[in-house]
There are 2 protein chains.
Amino acid sequence: MGKVTRRERERQRHRREILAAAQDLFSRKGFDRTSMAEIADRAEFAVGTLYKLFEDKQALYRALILDTVREFEAALSAALNARGSEIEKLERYIETKADLFVRHIPTARLYFGQTAAAQCAPTVGLDRAARALYEKVLDRLESLFRAGIRRMLFVEVEPKMLALGLEGISNAFLPALVERPDDFSADEMAALTKKIFFGRVSLKAE
Amino acid sequence: MGKVTRRERERQRHRREILAAAQDLFSRKGFDRTSMAEIADRAEFAVGTLYKLFEDKQALYRALILDTVREFEAALSAALNARGSEIEKLERYIETKADLFVRHIPTARLYFGQTAAAQCAPTVGLDRAARALYEKVLDRLESLFRAGIRRMLFVEVEPKMLALGLEGISNAFLPALVERPDDFSADEMAALTKKIFFGRVSLKAE
DNA sequence: GACAGCCGTGAACCATCATTCATATTATGT
DNA sequence: ACATAATATGAATGATGGTTCACGGCTGTC
């Protein structure tokens, strides 16, 4: 009973095509300002077809967000769990994130929207599971900072706050990247982030 | 011909009441998920009245955003133009912003939504004028960094990027603040921001 | 080659608002 | 007190867009 029939493969391909169309539209115009008809148009299907593959608009959105956050979470968690000192892990985290941002701008927009922005307006963040995945990354960051502080690699600051601060900086350049994608390389972005976060901006002694 | 008749004063008071109701709803649920009827209800007016005071829903929103951003811009620009060295000005900027955030959380949410988040999804930022005001703050930050670098107060990094980085960190704690408002004082938030941005997080020599 | 089941289709349906406007209410001037 | 102008009201209107479903075609099976 081979479940992987041609039918099923086609079905999954269509599903992916719809998600791709939706990603572009949702990331540029947001959930409410994107209609099912538009998504169907762009994906070259009829509206009805979307409803064959997804319960409703919310479910389609959720699936997309979940895919997006899962992809990011996987890459970022891998970076955070690689070998090396706390600092090296965090540096790899920064590099990985910059790379993801530069390489997949629409995905990055969605990721940022769901993590940073949505935290301030809970009603906007439409998904529970995605949130949980992001929390996992935050927790991992926090515990790395905690360990780093214990080993005297970092200053003594609430580790949770350090994690949020790092998130803040590593997201900071995304708007600029969105506006002029060609002016940024992942390496530059990562270097800048590391310099500001780990180095010191001020030259005066404290 | 005293223009400041009772009628006119009442009118303005009603206007403010409507804006106050709208602020709470928009900041919590966003533009699309807030209906004119809801705003009218909360403000204890009829829908028609909203249309006597505002052209349409967009205009009401624009007025609100403009008020919000204007308020922030005024306070932040004042901080950036006060006496003192570049570092002192920036420190005052950080303190002022933290204070605004802690004191006016709904306003802060709107501000953040319109500045940081909206930059990534241009269609979301519904207002031109508000954007321009924020750009003014960014430009001022940038030129402060530029001057500071010339005077060897800061490391040599693209000043624009330093400005974005500072924005990133000073926004970073807002989500935490929104979630548990009582756990944060403006002073703590400002101190943390300064420590991460101006000080150094890493203890190892570079 | 006929039959059954799956797929895709898009017109039709319905709920949700933004917006309007005829009417009711209140304030102002005489 | 009366006339008049300004203001507030909320039911009615129309547009938008999510969702459904009856239909026609295609695929794989016997």
Side-chain angles (χ1 to χ4, degrees), chain A residues 1-65 121 123-124 126-127, chain B residues 1-65 121 123-124 126-127:
Chain A
M1 56 134 203
K3 255 194 173 174
V4 190
T5 159
R6 158 190 303 282
R7 277 264 167 90
E8 184 57 19
R9 259 177 296 142
E10 289 276 287
R11 193 182 163 79
Q12 289 308 320
R13 190 167 55 76
H14 293 174
R15 196 186 143 92
R16 279 195 302 278
E17 280 172 22
I18 291 168
L19 284 172
Q23 173 172 72
D24 185 54
L25 292 167
F26 280 140
S27 81
R28 237 158 359 88
K29 322 201 311 169
F31 181 80
D32 290 295
R33 310 178 88 73
T34 301
S35 73
M36 291 299 268
E38 265 179 299
I39 299 172
D41 258 18
R42 160 110 28 153
E44 297 182 278
F45 285 106
V47 227
T49 307
L50 306 203
Y51 285 88
K52 287 274 157 57
L53 292 168
F54 301 93
E55 184 77 16
D56 55 17
K57 192 183 177 188
Q58 288 253 355
L60 166 50
Y61 188 69
R62 265 203 309 273
L64 178 61
I65 293 303
T123 329
V124 172
L126 296 170
D127 192 50
Chain B
M1 56 136 204
K3 254 192 173 176
V4 191
T5 160
R6 161 189 302 282
R7 278 262 164 90
E8 185 57 22
R9 257 176 298 143
E10 290 275 288
R11 194 181 162 79
Q12 290 308 320
R13 189 166 54 76
H14 293 175
R15 197 186 143 91
R16 280 195 303 277
E17 279 172 23
I18 290 168
L19 283 172
Q23 173 173 72
D24 186 54
L25 291 167
F26 280 139
S27 81
R28 237 158 357 90
K29 322 203 307 171
F31 181 80
D32 291 294
R33 311 177 88 73
T34 301
S35 74
M36 291 299 269
E38 264 178 301
I39 299 173
D41 257 19
R42 159 109 31 152
E44 295 182 279
F45 285 106
V47 225
T49 306
L50 306 202
Y51 285 87
K52 288 276 157 56
L53 292 168
F54 301 92
E55 185 76 15
D56 57 17
K57 192 184 177 187
Q58 288 253 356
L60 166 49
Y61 188 69
R62 264 203 309 275
L64 178 61
I65 294 302
T123 329
V124 171
L126 296 170
D127 192 50

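Contact detail for B:Lys57 and B:Phe31: the closest heavy-atom pair is NZ-O, 3.0 Å. For A:Phe26 against A:Leu64, the heavy-atom pair with the smallest separation is CD1-CD2, 3.6 Å. Smallest separation of non-hydrogen atoms from A:Lys29 and A:Glu38: NZ-OE2, 2.6 Å.
At D:dA8, one or more side-chain N or O atoms of B:His14 fall inside 4.0 Å of OP1 or OP2 (strictly under the cut-off).
A straight line from CZ of A:Arg9 to C1' of D:dT27 spans 14 Å, rounded to a whole angstrom. Rounded to whole angstrom, the span from the CG atom of B:Asp56 across to the P atom of D:dA15 amounts to 17 Å. One interatomic measurement links the two molecules: CZ of B:Phe31 to C1' of C:dC17, which rounds to 11 Å at whole-angstrom precision. Atoms CG (B:Leu53) and P (C:dT19) sit 15 Å apart, rounded to a whole Å. Distance B:Glu44 CD to D:dT9 C1': 15 Å, rounded to the nearest Å. Rounded to whole Å, the distance from OH on B:Tyr61 to P on C:dA18 is 14 Å. Between B:Arg11 atom CZ and C:dT26 atom P the separation is 19 Å, expressed in whole Å. Remark: P of D:dA8 and CD of B:Glu10 are 9 Å apart, rounded to the nearest angstrom.
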Under 3.5 Å, which donor-acceptor pairs do the side chains of residues 14-25 of chain B form with other protein atoms, sequence neighbours left out?
residue	atom	partner	partner atom	Å
B:Glu17	OE2	B:Arg13	NH1	2.9
B:Gln23	NE2	B:Thr107	OG1	3.3
B:Asp24	OD2	B:Arg28	NH2	2.9
B:Asp24	OD2	B:Arg42	NH1	2.4

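Each end of the helix from C:dG1-D:dC30 to C:dT30-D:dA1 gets its own axis from five base pairs, and the two axes differ in direction by 10°, given to 10 degrees.
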Subject >> side chain to side chain contact (heavy atoms under 4.5 Å, CB included) assessment of A:Arg7 paired with A:Arg11 >> reply: CA-CA 6 Å; A:Arg7 277 264 167 90; A:Arg11 193 182 163 79; over 6 Å; no

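Annotation: of the two residues near DNA chain D, B:Leu50 and B:Arg7, the 5′-most nearest-nucleotide partner is B:Arg7. In terms of position on DNA chain D, the residue among A:Met36 and A:Gly48 whose nearest nucleotide sits closer to the 5' end is A:Met36.
Listed nucleotides C:dT19, C:dG10, D:dG10 differ in distance to B:Tyr51; the shortest reach to its side chain belongs to C:dT19. The side chain of B:Lys57 approaches C:dA18 more closely than any other nucleotide in the set D:dT9, C:dG8, C:dA18.
In B:Glu44, the CD atom is not crowded: 12 or fewer heavy atoms of neighbouring residues, nucleotides or ligands sit closer than 6.0 Å.
Taking 3.5 Å as the limit, the base of C:dG8 and the side chain of A:Lys52 contain a donor-acceptor pair of atoms between them.
Taking B:Ala40 as the reference, B:Leu50 meet the side-chain contact (heavy atoms from CB on, under 4.5 Å) condition, with sequence neighbours excluded.
At a threshold of 4.0 angstrom between heavy atoms, the contacts of B:Ser35 are confined to the sugar-phosphate backbone, with no base atom among them.
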